[in-house]
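Just below is one structure, and these are the notes that go with it.
Keep in mind the model is a prediction, meaning the values are calculated, not measured.
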Amino acid sequence: GRIVSYFINYLDQSHAGRLPKGRLAKKSFIEVFQESTGIRLRRLEQRVEAAIAEMDLAKVLGTQYGSPLFFSENIYYSDQDVPVVITHMYYRGDCYTYRAPILLE
């Protein structure tokens, strides 16, 4: 019952106008984006780093100013290898664990 993450999506205004807001509550942003725009996303580049909650983020996330956060930036590329969506994600450090598989050959 508490907010543990906050996402901000950046995209071209012409694409944003095609997104039906009612469907965003039922499906992921990326699914709705691809279905509504007809743009197929092929890959993403992700960057994850430690951050702290500045005043506005602390208020949104229900935590204290200066609390630890995970910050993740995803840049989504179309099948023409053009960046079309950038997502900034902030996660409360006391509520989130980052895990990634690593294959060793």
Side-chain angles (χ1 to χ4, degrees):
R2 66 180 159 167
I3 296 172
V4 296
S5 62
Y6 180 67
F7 293 22
I8 304 168
N9 295 298
Y10 300 94
L11 60 151
D12 188 276
Q13 188 175 2
S14 65
H15 299 317
R18 295 189 222 166
L19 302 179
K21 293 179 181 139
R23 291 183 49 212
L24 290 170
K26 298 174 185 165
K27 290 186 170 186
S28 76
F29 172 81
I30 294 304
E31 287 176 306
V32 173
F33 176 85
Q34 289 183 105
E35 291 170 2
S36 301
T37 63
I39 296 173
R40 188 83 189 131
L41 299 176
R42 177 176 212 128
R43 68 179 182 95
L44 74 87
E45 291 180 2
Q46 183 177 67
R47 177 174 58 100
V48 178
E49 63 185 42
I52 61 168
E54 46 86 2
M55 289 178 59
D56 292 332
L57 277 172
K59 185 175 180 179
V60 168
L61 293 171
T63 192
Q64 298 294 316
Y65 171 79
S67 294
L69 302 176
F70 285 108
F71 170 74
S72 178
E73 178 184 70
N74 289 349
I75 303 174
Y76 295 89
Y77 292 83
S78 69
D79 53 4
Q80 284 85 36
D81 210 34
V82 174
V84 291
V85 177
I86 298 173
T87 301
H88 285 175
M89 298 168 281
Y90 299 89
Y91 300 92
R92 286 180 50 156
D94 61 337
C95 300
Y96 185 79
T97 301
Y98 181 80
R99 177 185 271 174
I102 300 173
L103 300 175
L104 301 175
E105 294 185 330

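A heavy-atom distance below 4.5 Å is found between the side chains of L19 and L11. Side-chain contact between Y76 and E45 is absent, with no heavy atoms from C-beta onward closer than 4.5 Å. Using a 4.5 Å heavy-atom cutoff, the side chains of F29 and L24 are in contact. Residues I102 and L104 are in side-chain contact: their nearest non-hydrogen atoms beyond the backbone lie under 4.5 Å apart. Within the 4.5 Å cutoff, the side chain of Y98 has heavy atoms near those of the V48 side chain. A 4.5 Å side-chain heavy-atom check between L103 and P101 finds every atom pair outside the cut-off.
With hydrogens and angles ignored, the 3.5 Å screen pairs a side-chain donor or acceptor of E31 with a backbone N or O of S28. Using modelled atom types, one side-chain atom of Q34 and one backbone atom of L41 make a donor-acceptor pair closer than 3.5 Å.
Neither I86 nor F33 shares a network with the other; the hydrophobic side chains, linked directly or stepwise wherever heavy atoms of I, L, V, M, F, W or Y lie under 4.5 Å apart, form separate groups for each.
Atom OH of residue Y10 and atom NE2 of residue H88 lie 5.5 Å apart, to the nearest 0.5 angstrom. Note that CG of N74 is 3.5 Å distant from CE of M89, once rounded to the nearest 0.5 Å. Separating the CD1 atom in I39 from the CD atom in Q80 is a distance of 8.5 Å, to the nearest 0.5 Å.
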Before giving the answer on salt bridge (Lys or Arg N to Asp or Glu O under 4.0 Å), spell out for E49 and R47 the whole-Å C-alpha distance, their side-chain angles and the decisive distance to 0.1 Å. CA-CA 7 Å; E49 63 185 42; R47 177 174 58 100; 2.6 Å; yes
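For the salt bridge (Lys or Arg N to Asp or Glu O under 4.0 Å) with D81, the qualifying choice from R40, R43, R42 is R43, the only one to do so.
Classified by interplanar angle (parallel below 30°, tilted 30° to 60°, perpendicular above 60°), the ring pair Y96/Y91 is parallel.
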Mind listing the side-chain donor-acceptor pairs of residues 52-65 below 3.5 Å, one per line with the distance, residues two or more places apart or on another chain?
unit_1, atom_1, unit_2, atom_2, d
E54, OE1, D56, N, 2.7
T63, OG1, S67, OG, 3.0

Got a list of side-chain donor-acceptor pairs under 3.5 Å for residues 2-9, not counting sequence neighbours?
unit_1, atom_1, unit_2, atom_2, d
N9, OD1, T87, OG1, 2.6

